[in-house]
Undergrad: 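Pasting a structure below so you can have a look.
It should be emphasised that the depicted structure is a prediction, and the values quoted were computed from it without experimental measurement.
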Amino acid sequence: MKKNYYAALTYMVLGLVAGLYYREFTKARDFTGDTQLSVMHTHLLALGMLVFLIVLALDKLFDLSRTKSFNLFFWFYNAGLVVTVAMMFVHGTMDVLGKDVSGAVPGIAGLGHILLTVGLASFFVSLRSRAFGDKASDESARVAVDA
């Protein structure tokens, strides 16, 4: 559970720093257009901090971290979020600097989204096994005893 807490804390700090970077960098460059830097702050806070605070509560309730799929969730989801946000940083910074963005940046961001998806699927496998797996076996045992 500690790693969920520290993940949430880390994303909170990164989210706040991202908001500060967006505000100060665009102001220093007199940039007024659209850039991915404007949503990097909210992505880190919502997909990072808030998700891991929810996961922390669910882990406390269901002891999710005992499952193998939870470990897969933790690493795939974090890797996906870091890759996705890093590409937002690169793309947004290049926009503010007025430079062209290579086609590789959206491609790598897509890989980040794939990692996020694998992580979320692993999380739901973990949640299902802990929330319903034990109850299902308890229920079948009770039915067998009642018969």
Side-chain angles (χ1 to χ4, degrees), residues 1-140:
M1 281 195 341
K2 282 184 181 179
K3 66 183 179 180
N4 295 322
Y5 168 79
Y6 286 115
L9 178 64
T10 300
Y11 287 121
M12 187 263 310
V13 170
L14 290 174
L16 296 175
V17 169
L20 180 66
Y21 175 74
Y22 163 67
R23 188 187 73 196
E24 295 302 320
F25 186 58
T26 55
K27 187 167 60 170
R29 304 288 298 182
D30 291 324
F31 183 83
T32 57
D34 290 330
T35 175
Q36 288 192 9
L37 294 177
S38 66
V39 294
M40 194 169 70
H41 163 80
T42 51
H43 274 71
L44 284 163
L45 292 177
L47 295 177
M49 181 190 74
L50 289 177
V51 165
F52 277 101
L53 288 175
I54 293 167
V55 168
L56 177 66
L58 290 171
D59 191 16
K60 179 76 171 169
L61 185 62
F62 294 111
D63 202 17
L64 297 174
S65 53
R66 285 187 14 197
T67 65
K68 291 179 185 176
S69 54
F70 182 83
N71 201 38
L72 289 174
F73 152 72
F74 187 83
W75 293 111
F76 273 100
Y77 188 85
N78 277 299
L81 188 53
V82 167
V83 168
T84 300
V85 170
M87 292 303 103
M88 290 175 81
F89 175 80
V90 169
H91 194 273
T93 300
M94 298 299 277
D95 284 343
V96 172
L97 295 174
K99 299 190 181 209
D100 289 333
V101 177
S102 164
V105 172
I108 295 169
L111 292 175
H113 283 80
I114 291 168
L115 292 172
L116 282 167
T117 302
V118 171
L120 287 171
S122 298
F123 176 75
F124 276 92
V125 168
S126 176
L127 182 60
R128 184 180 188 284
S129 72
R130 295 298 295 153
F132 305 119
D134 294 337
K135 288 181 183 178
S137 62
D138 290 346
E139 183 112 355
S140 63

Undergrad: Give the minimum heavy-atom separation between L81 and L47, together with the two atoms involved.
TA: CD2-O, 3.5 Å
Undergrad: Using a 4.5 Å cut-off on heavy atoms from C-beta on, say whether the side chain of Y77 contacts that of V51.
TA: yes
Undergrad: For S122, enumerate each residue passing the side-chain hydrogen bond (donor to acceptor under 3.5 Å, both in side chains) test, keeping only those at least two apart in sequence or located in another chain.
TA: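 Per chain and number, S122 pairs via side-chain hydrogen bond (donor to acceptor under 3.5 Å, both in side chains) with no residue.
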Undergrad: Tell me the closest heavy-atom pair linking M88 and H43, and the distance in Å.
TA: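 Smallest heavy-atom distance, with atoms named: CE-ND1, 3.6 Å.
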Undergrad: Within a strict 4.5 Å, meaning less than it, do heavy atoms of the L14 and Y21 side chains meet?
TA: no
Undergrad: Sorted by first residue and then second, give each salt bridge (Lys or Arg N to Asp or Glu O under 4.0 Å) pair with at least one member in residues 29-49; sequence neighbours left out.
TA: none
Undergrad: Just one of V125, L127, V55, D63 clears the side chain to side chain contact (heavy atoms under 4.5 Å, CB included) bar with F70, so which one?
TA: V55
Undergrad: Determine the minimum heavy-atom distance between G80 and L115, stating which atoms define it.
TA: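 Looking at all heavy atoms of both residues, the shortest contact is CA-CB, 3.5 Å.
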Undergrad: Please report the interatomic distance CG(L9) to CG(N4), rounded to the nearest 0.5 Å.
TA: 12.5 Å
Undergrad: Kindly compute the distance separating NE2 (H91) from OG (S102), expressed to the nearest 0.5 Å.
TA: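 The OG atom of S102 is 10.0 Å from NE2 of H91, to the nearest 0.5 Å.
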Undergrad: Fit a plane to each ring of F73 and F52, take the angle between them on a 0 to 90° scale, and name the class: parallel (under 30°), tilted (30 to 60°) or perpendicular (over 60°).
TA: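 Geometry flag for F52 against F73: tilted rings.
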Undergrad: Testing the basics here: between M12 and M49, what is the closest heavy-atom pair and its distance to 0.1 Å?
TA: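 So the two residues come closest at CG-SD, 3.3 Å.
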Undergrad: List the atom of L44, the atom of A18, and the distance in Å for their closest heavy-atom pair.
TA: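 Closest pair (atom of L44, atom of A18, distance): CD1-CB, 3.8 Å.
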Undergrad: Does any donor atom in the side chain of N71 or K3 lie under 3.5 Å from an acceptor atom in the other side chain?
TA: yes
Undergrad: Just verifying a value: how many Å separate L58 CG and L53 CG, rounded to the nearest 0.5 Å?
TA: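 Here the rounded value is 11.0 Å.
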Undergrad: Enter the distance from L37:CG to M94:CE here, rounded to the nearest 0.5 Å.
TA: 12.0 Å
Undergrad: Side chain to side chain contact (heavy atoms under 4.5 Å, CB included) between I114 and T117: does it pass, once the steps are laid out?
TA: CA-CA 5 Å; I114 291 168; T117 302; 5.6 Å; no
Undergrad: Considering non-hydrogen atoms only, spot the tightest contact between T26 and Y22 and give its length.
TA: OG1-O, 2.6 Å
Undergrad: Output the distance between atom CE (M40) and atom CG (L45), rounded to the nearest 0.5 Å.
TA: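 Nearest 0.5 Å value for the CE-CG distance: 10.5 Å.
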Undergrad: Test L50 against Y11 for side chain to side chain contact (heavy atoms under 4.5 Å, CB included), laying out the working first.
TA: CA-CA 9 Å; L50 289 177; Y11 287 121; over 6 Å; no
Undergrad: Counting only heavy atoms not in F76 (residues, nucleotides, ligands), do more than 12 fall under 6.0 Å from its CZ?
TA: no
Undergrad: Distance-only, no hydrogens or angles: does the D59 side chain make a donor-acceptor pair with backbone N or O of S65 under 3.5 Å?
TA: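 Yes.
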Undergrad: Measure the spacing between OG1 of T93 and NZ of K99 and express it to the nearest 0.5 Å.
TA: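 With rounding to 0.5 Å, OG1 (T93) is 11.5 Å from NZ (K99).
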